[in-house]
A.B. asks: 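To start, I am sharing the structure in question, which I have written as structure tokens.
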Amino acid sequence: MAVTVTPTYLETYQTIQGALIDKAKLMIAGLASGENTVAHGLIRAPRIVNIEATSSVVVYEYQTSDATNLYLDASAAGGCTVYVEY
């Protein structure tokens, strides 16, 4: 099964220093057991990544996200919701 990512863009805010911070919720389905490389489709690399499992699967980052991908390790096949600030 192919990994699918459904983004929901939540908000943009500006820090006191003037930096723009965007928030998004990524619904990820089709994770395989083990390491998964997931193309997130965001305009820049996530600064903060919070993972919420949507089934009885344990999911965590095995490598820091970059400008293209999230690197997720799943204990079994399933999905998760990822909240990011980028």
A.B. asks: For a 4.5 angstrom cut-off between non-hydrogen side-chain atoms, does L72 reach Y60?
C.D. replies: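 No, every pair of side-chain atoms sits at 4.5 Å or beyond.
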A.B. asks: Any heavy-atom pair between the side chains of E85 and P46 that's under 4.5 Å?
C.D. replies: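 When only atoms from C-beta onward are counted, E85 and P46 do not touch, as no gap falls below 4.5 Å.
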A.B. asks: Are Y86 and R44 packed together at the side-chain level, in the sense that at least one heavy-atom pair is separated by less than 4.5 angstrom?
C.D. replies: yes
A.B. asks: Among D66, T37, N36, which residue satisfies the side-chain hydrogen bond (donor to acceptor under 3.5 Å, both in side chains) criterion with Y71?
C.D. replies: D66
A.B. asks: In Å and rounded to the nearest 0.5 Å, what is the SG to CG distance from C80 to N50?
C.D. replies: 11.5 Å
A.B. asks: So L26 and T81, side-chain contact (heavy atoms from CB on, under 4.5 Å) or not? Walk me through it.
C.D. replies: CA-CA 6 Å; L26 307 175; T81 301; over 6 Å; no
A.B. asks: Looking at CG of D22 and CZ of R47, how far apart are the two atoms once the value is rounded to the nearest 0.5 Å?
C.D. replies: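 Reported value, rounded in 0.5 Å steps: 10.5 Å.
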A.B. asks: Decide whether L20 and L42 are clustered together by the hydrophobic rule: side chain heavy atoms of Ile, Leu, Val, Met, Phe, Trp, Tyr closer than 4.5 Å, transitively.
C.D. replies: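 Different clusters.
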A.B. asks: What's the shortest heavy-atom distance between A74 and A32, and which atoms?
C.D. replies: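 Shortest heavy-atom contact: CB-O, 3.6 Å.
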A.B. asks: Give a yes or no on whether L70 and I43 share a hydrophobic cluster (residues Ile, Leu, Val, Met, Phe, Trp, Tyr; joining criterion: side-chain heavy atoms under 4.5 Å apart).
C.D. replies: yes
A.B. asks: Is the closest side-chain heavy-atom distance between I21 and T15 below 4.5 Å?
C.D. replies: yes
A.B. asks: Working to the nearest 0.5 angstrom, can you tell me the gap between E61 CD and D73 CG?
C.D. replies: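 Going from CD on E61 over to CG on D73, the span is 11.0 Å.
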A.B. asks: What I'd like to find out is whether the side chain of K25 reaches to under 4.5 Å of the side chain of V82, using heavy atoms alone.
C.D. replies: no
A.B. asks: Please answer: with hydrophobic residues joined when any side-chain heavy atoms are less than 4.5 Å apart, are V57 and Y83 in the same cluster?
C.D. replies: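 As far as the 4.5 Å side-chain criterion goes, Y83 and V57 are not connected within one cluster.
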A.B. asks: So do L31 and V38 actually touch side chain to side chain, heavy atoms under 4.5 Å?
C.D. replies: yes
A.B. asks: Evaluate the side-chain proximity of I28 to T4: yes if any heavy-atom separation is below 4.5 Å, no if none is.
C.D. replies: no
